[in-house]
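Note that ligands are numbered from 1 as they come in the structure, with each ligand's atoms numbered from 1 the same way. Quantities reported herein were computed from a predicted structural model and do not represent experimental measurements. Numbers here are sequence positions counted from 1.
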Amino acid sequence: MIPESLARLVEETRGQRRADWAGREIWLANEAWGELAVSLQGAQVLHFLPSPEDATAEGSPPAPLPNASDDTASASSPGTSEESLVAGGWLWVTPTPQALPGAIRGGIPLCWPWFADENTADESPDRSGPMHGPARKAPWRLEAVDEHEEGVELHLSPEERLHGQLVPRAVIQANARRLHVELITEHVGETPVKITGALHSYLAVADAFDCRVEGLAGATYLDKLADFAERDQQGELGVRGALDRIYRSNAELRLDDGTRRLRVARQGSDSAVVWQPGDTPPEDTSIEAARHFLCVESANTRLDPVWLVPGAQHLLGTTLSREETATL
Ligand SMILES: O=P(O)(O)OC[C@H]1O[C@H](O)[C@H](O)[C@@H](O)[C@@H]1O
C-alpha cells in the first residue's frame, strides 16, 4: 500500500530504472517476477509486489493501478490534500513523507547501529545521535545489481562512514516468492562494540485493528506503553488498538489481516518488535493512513544486544513470503 505518486512510477517502469520520488533518488524494477522500489536514502525498500503465481512470464504488461477511489485503496481524508494509498503491495509507505533530511516512514527502514535511542547500544563515550540511528537518513550507494531470471539482488553501502569502528552493508533479494533483506555489520576497529538495530518493516494491512500475528503465544514481552513492564503473551496476538511491544522470540511469525497471510522469518534476531500507534500516530502520518500498517520488526534490542569484537560480523535479516496453503 503505497502513495499513488509512487505507484505511478512503478507502473511506468519497464525493467529497471532510477527515478525521483519525494525528493529522493529511488531504484525501481517492474519485471516478470514482480515489482520493487528502493530508496537510496537509507537503503530502504519502499515497495514489493511479487507477480501472481499464475502470471504469464515474459512480456506481460505491468498490472494496471487499482482504482484509487476504491474505498479499500484510499486512505485520504476528506478536506486534506493527502494522496490516496494504492493497495496491493506487501509494504506500506506514508502518503505524507517528511522532506529531506527526514526519514521516510514506511517500507523497511534500517535502524542502525541502535534500535530506539543510543542507550540500547554503542557504549562509546561520545555516543549521541537520532532515534533509531543515523543509517535510515543517510545516503546509500547502490554497489551492485545482480539480475537473474527469477529475480534480483541489490547490494548497498552508505556513501559516508557512519560509525568509527563499524561498517554496515545491505543486501536486498526479491523474486516471485519472497522479499529478503539483510543488514550486515562488520567490525573494522579495535575494541568491542555493542549494537542493537532493526529492520523496521511496515507491513500493509487492510485494517491494523483487525490483524492476527501468530507465533508469539507464550513469549514474554516488554510493554513500551507501560514503561517496559514485562508480560506474557496469552494465546496468539490479536491487534485491536495501539501497541508497542518487544517480544523475546526468534520464532517465525505469520501475519493475517483477513485478506493475506504473510510469513515473517527473521535471522540474527531474538527480539520481535510489534508496533501500531493507534489514534496517536507520529506527526508525519494521519490517523487514517496509519490504520493501514502494522510494524513487525526483526530486531536486536535491549533484550538481545550484540557485542561485536574486532574482525567479527553480525547479520540481521528478515524474509517476507506468502503463507503456503497446507497440502495435506
Ligand atoms: O517515529 P520513529 O522514530 O520512526 O519510531 C517509530 C517506532 O519505532 C519502533 O517500533 C518503536 O518500538 C516505537 O516506540 C517507535 O515509536
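Residue R105 approaches ligand 1 through these ligand atoms, each under 4.0 Å from one of its heavy atoms: 1 (O), 2 (P), 4 (O), 6 (C). Shown in contact with H200 at under 4.0 Å from a heavy atom are these atoms of ligand 1, numbered in order with element: 6 (C), 7 (C), 8 (O), 9 (C), 10 (O). Ligand 1 places these atoms under 4.0 Å from at least one heavy atom of E297: 9 (C), 10 (O). Taking a cut-off of under 4.0 Å to the non-hydrogen atoms of R136, the atoms of ligand 1 that pass are 2 (P), 3 (O), 4 (O).
Side-chain atoms of E143 and S157 include a donor-acceptor pair closer than 3.5 Å. Residues Q165 and E190 bring no donor and acceptor atom of their side chains to less than 3.5 Å of each other. Side-chain atoms of N175 and E150 include no donor-acceptor pair closer than 3.5 Å. No side-chain donor-acceptor contact under 3.5 Å links R24 and Q44.
When the heavy-atom distances from atom 14 (O) of ligand 1 to L225, L222, D244 are ranked, the shortest goes to D244.
In this structure, the protein non-hydrogen atom closest to atom 11 (C) of ligand 1 is K224 NZ, 3.4 Å. What sits closest to atom 5 (O) of ligand 1 on the protein, heavy atoms only, is H132 NE2, 3.3 Å.
In terms of heavy-atom proximity, P281 sits nearest to P277 at CA-CB, 3.8 Å.
Contact of the R245 side chain with the L237 side chain is registered, since non-hydrogen atoms from C-beta on lie closer than 4.5 Å.
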